[in-house]
**Q** 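To start, I am sharing the structure in question, which I have written as structure tokens.
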Amino acid sequence: MAACLHTPRHRLHFLAHGVQQTDYGGVKMIDPKILRERSEIIREGLNKRGATFDIDKLLEIDENRRALIQDSEKMKNERNALSNEIARLKKTGADVADRVTHLRELGRFIEKTEQELRVAEKEWEDMLLVIPNPPHETVPVGSGDRDNEVVKTWGEKPAFDFEPLPHWDIGEKLDILDPKRAAKITGSRFILYKGSGALLERALINFMLDLHVREHGYTEVLPPFMVNRETMTGTGQLPKFEDELFKIEGIDYFLIPTAEVPVTNIHSNEILKEDELPLKYVAYTPCFRKEAGAHGKDTRGLTRLHQFNKVELVKFALPDQSYDELEGLLLDAEDVLKRLNIHYRVSVLCTGDLGFSSSKTYDIEVWLPGQNIYREISSCSNFENFQARRAKIRYRKSGGKIDLVHTLNGSGLAIGRTVMAIIENYQTRDGSIVIPDALKPYMNGLSLISAG
RNA sequence: GGAGAGGUGACCGAGUAGGCCGAAGGUGCUCGCCUGCUAAGCGAGUGUACGUCAAAAGCGUACCCAGGGUUCAAAUCCCUGCCUCUCCGCCA
């Protein structure tokens, strides 16, 4: 058991047989100082989210922890002083035997105190890591998605002189989506794209990457699709949401649930220069999610899959600019739908619907005439310094002082759901799909996907 | 997979019979001075985290890839892991 309590120092540590020992050394989520001195801020954030957490217990552990730090450091100070004295005395040839004995004794006390400290520290960190980020003051208070507020809409619902079909019907008729074979190959919640369907998916990836790189100023990156535990903890997926993740067997790696994870961690444990901020990255990756707890929900079509493609936008911003950057990020994501000419609306998520790591989130919801609903196609969030604190992403101010950056990200967009939106919005009476103008350059000259 | 070499501060690079090394020196950077501009020159400064403190200063502790061990004392010794480089093999 003691082996599990070894002093936290980042990085995972593989044991000889491949099982690993994990620690989150030094990782925190909420600013411990704020928690200590102004705990009402954290309490309020928790209340607004409808979350419960024993702050008082945490404060108690913190107090004990700091007392132990002081004890052990005082003893270490004494040890260092006496050790130096021994070194000096030895040169003069004096007898140091009783000092050595004394220090040997002191060493045992230090070890004992440090042992206690490790336990307290672990307990403290484990608690800190599962406190959600307090919502921004502009976030509406509410308990669930019905309390989200629509803040804008763009375009209009297209008119059809026939009954529009859901994308899964069209996709199977046109033989561009084959869920049955995907289920045979792997299982439920996977999809096999075929022919023009596969091309459409690929075209959208390239269209979005080009748009964000050429016109919105993002730098393209292509990150690893699996990451280690430290990375996953940095962005907040761990330790709380491990059951949502696909874990690689035999090694402490996970498939990424979103490019946010590897891309945000590009700058983990770094100190950035103030004048290089904001940094803007765009990445295409597949995303892997267990969708635990969604059994029976959205079982048809492209809506909810264990594996889907996404183009993701990530920003690293100065703290006083991050909310402006969030608005910009949202516009960059919206621009994709504007160019595809598809109707959507934007909601700000209420406190009860907000993700664990986020301070404020906008959802872009696209109109799906075949299902007669709006469906989330992008989620744009400001995490303020929540992820930056966990992943240690800092920047040096012009005065030389160091501060945490703010991190943001948003889908720009989810590819499968965009395919879904195109199929449903651009369907024709005879069951074909018209290719939106903006996408034609990416479709090898194809302007219509038709049956046969 | 087999055989070697190595991981020190923003960068380069010293530092092995363990102690006075948070760490020489150089470059870069910052501030000041100086030459009419440029180049050069002169002087000073220049890691991070935590704890203490109302705060700053100061003080203390820790950190020379990571974890563990030996010791009164480790960048320096031992063990384990990770990463990088070179050669061979294999492979997309």
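Proteins get letters first, then strands, A, B, ... in listed order; numbering begins at 1 in each.
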**Q** Taking only N/O atoms, report every protein-nucleotides 70-72 of chain B pair under 3.5 Å with atom names and distance.
**A**
| from | atom 1 | to | atom 2 | distance (Å) |
| --- | --- | --- | --- | --- |
| B/C72 | OP1 | A/Arg104 | NE | 3.0 |
| B/C72 | OP1 | A/Arg104 | NH2 | 2.6 |
| B/C72 | O2' | A/Ser83 | OG | 3.4 |
| B/C72 | N4 | A/Lys90 | NZ | 3.2 |

**Q** Roughly, in whole Å, what's the span from NZ in A/Lys397 to C1' in B/U30?
**A**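 In whole Å, B/U30 C1' lies 18 Å from A/Lys397 NZ.
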
**Q** Once ring-ring contact (aromatic ring centres under 6.0 Å, His included) is applied, do any residues pair with A/His167, and if so which ones, sequence neighbours excluded?
**A**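 So A/His167 forms no ring-ring contact (aromatic ring centres under 6.0 Å, His included) with any residue.
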
**Q** Using a heavy-atom cut-off of under 4.0 Å over every strand shown, decide if A/Ile402 touches base, sugar-phosphate, or nothing.
**A**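 Counting heavy atoms under 4.0 Å across all strands, the contact made by A/Ile402 is with sugar-phosphate only.
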
**Q** Pick the C1' atom in B/C29 and in B/C88, then give their distance to the nearest Å.
**A**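 About 45 Å, rounded to a whole number of Å.
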
**Q** Using the P atom on both, measure B/U16 against B/U61 and round to a whole Å.
**A**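 About 26 Å, rounded to a whole number of Å.
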
**Q** Output a table of nitrogen or oxygen pairs between the protein and nucleotides 75-79 of chain B separated by less than 3.5 Å.
**A**
none

**Q** Between A/Asp62 and A/Arg36 (salt bridge meaning N to carboxylate O under 4.0 Å), is one present in this structure?
**A**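 A/Arg36 and A/Asp62: salt-bridged.
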
**Q** Under 4.0 Å between any heavy atoms, over every strand shown, what does A/Arg394 touch: base, sugar-phosphate, or nothing? Just pick one.
**A**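 If one applies the 4.0 Å heavy-atom cut-off, A/Arg394 turns out to touch the sugar-phosphate alone, with no base involved.
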
**Q** Can you tell me how far C1' of B/C82 sits from CG of A/Asn228, to the nearest Å?
**A**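 Atom-to-atom, A/Asn228 to B/C82, this comes out as 11 Å.
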
**Q** Grab the N/O contacts between the protein and nucleotides 58-61 of chain B below 3.5 Å, and write none if there aren't any.
**A**
| from | atom 1 | to | atom 2 | distance (Å) |
| --- | --- | --- | --- | --- |
| B/G60 | O3' | A/Asn77 | ND2 | 2.8 |
| B/G60 | N2 | A/Glu73 | OE1 | 3.0 |
| B/U61 | OP1 | A/Asn77 | ND2 | 2.7 |
| B/U61 | OP1 | A/Asn80 | ND2 | 3.2 |

**Q** Considering residues at least two apart in sequence or located in another chain, which fulfil the side chain to side chain donor-acceptor pair (under 3.5 Å) criterion with A/Glu111?
**A**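 Listed in chain order: nothing, the list is empty.
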
**Q** Tell me what A/Lys91 touches on the nucleic acid: a base, only sugar-phosphate, or nothing, going by heavy atoms under 4.0 Å.
**A**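 Here A/Lys91 touches the bases of the nucleic acid.
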
**Q** Quick one: side chain to side chain donor-acceptor pair (under 3.5 Å) pairs with a partner in residues 48-58 of chain A, sequence neighbours left out?
**A**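 Listed by first then second residue: A/Arg43-A/Asp56.
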
**Q** Using atom types as modelled, flag every donor-acceptor pair under 3.5 Å from a side chain in residues 270-278 of chain A to any protein atom, sequence neighbours excluded.
**A**
| from | atom 1 | to | atom 2 | distance (Å) |
| --- | --- | --- | --- | --- |
| A/Glu270 | OE1 | A/His267 | ND1 | 2.8 |
| A/Glu274 | OE1 | A/Ser398 | N | 2.8 |
| A/Glu276 | OE2 | A/Lys273 | N | 2.7 |

**Q** Parallel, tilted or perpendicular: which fits the ring planes of A/His216 and A/His212, with parallel below 30° and perpendicular above 60°?
**A**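 The arrangement is tilted - the two ring planes meet at 30° to 60°.
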
**Q** Under a 4.0 Å N-O cut-off, is there an ion pair linking A/Asp437 with A/Arg339?
**A**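 No salt bridge links A/Asp437 with A/Arg339.
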
**Q** Pairs under 3.5 angstrom only: tabulate donor-acceptor contacts from the side chains of residues 71-79 of chain A to other protein residues two or more places apart or in another chain.
**A**
| from | atom 1 | to | atom 2 | distance (Å) |
| --- | --- | --- | --- | --- |
| A/Ser72 | OG | A/Ile69 | O | 3.3 |
| A/Lys76 | NZ | A/Glu114 | OE2 | 3.1 |
| A/Glu78 | OE2 | A/His102 | NE2 | 3.3 |

**Q** State which residues pass side chain to side chain donor-acceptor pair (under 3.5 Å) with A/His136; sequence neighbours excluded, sorted by chain then number.
**A**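 Only A/Thr138 meet the side chain to side chain donor-acceptor pair (under 3.5 Å) criterion with A/His136.
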
**Q** What's touching nucleotides 52-56 of chain B from the protein side, N or O pairs under 3.5 Å?
**A**
| from | atom 1 | to | atom 2 | distance (Å) |
| --- | --- | --- | --- | --- |
| B/U52 | OP1 | A/Arg66 | NH1 | 3.2 |

**Q** If the condition is side chain to side chain donor-acceptor pair (under 3.5 Å), which residues does A/Glu201 pass it with, not counting sequence neighbours?
**A**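 A/Tyr193, A/Asn309.
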
**Q** A/Glu121 CD to B/A49 P: how many Å, rounded?
**A**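 Rounding to the nearest Å, CD of A/Glu121 and P of B/A49 are 16 Å apart.
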
**Q** Should the pair A/Asp363-A/Arg375 be classified as a salt bridge under the 4.0 Å nitrogen-to-oxygen rule?
**A**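 Result for this pair is no, no salt bridge flagged.
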
**Q** In whole Å, what separates the P atom of B/A23 from that of B/G45?
**A**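 Between the two P atoms, the distance is 14 Å.
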
**Q** List the residues meeting side chain to side chain donor-acceptor pair (under 3.5 Å) with A/Arg181, not counting sequence neighbours, and say none if there are none.
**A**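 Counting only residues at least two positions away or on another chain, A/Arg181 forms a side chain to side chain donor-acceptor pair (under 3.5 Å) with A/Asp178.
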
**Q** Do you know the tightest heavy-atom contact between A/Gly142 and A/Thr351?
**A**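 For A/Gly142 versus A/Thr351, the nearest heavy atoms are N-OG1, 3.0 Å.
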
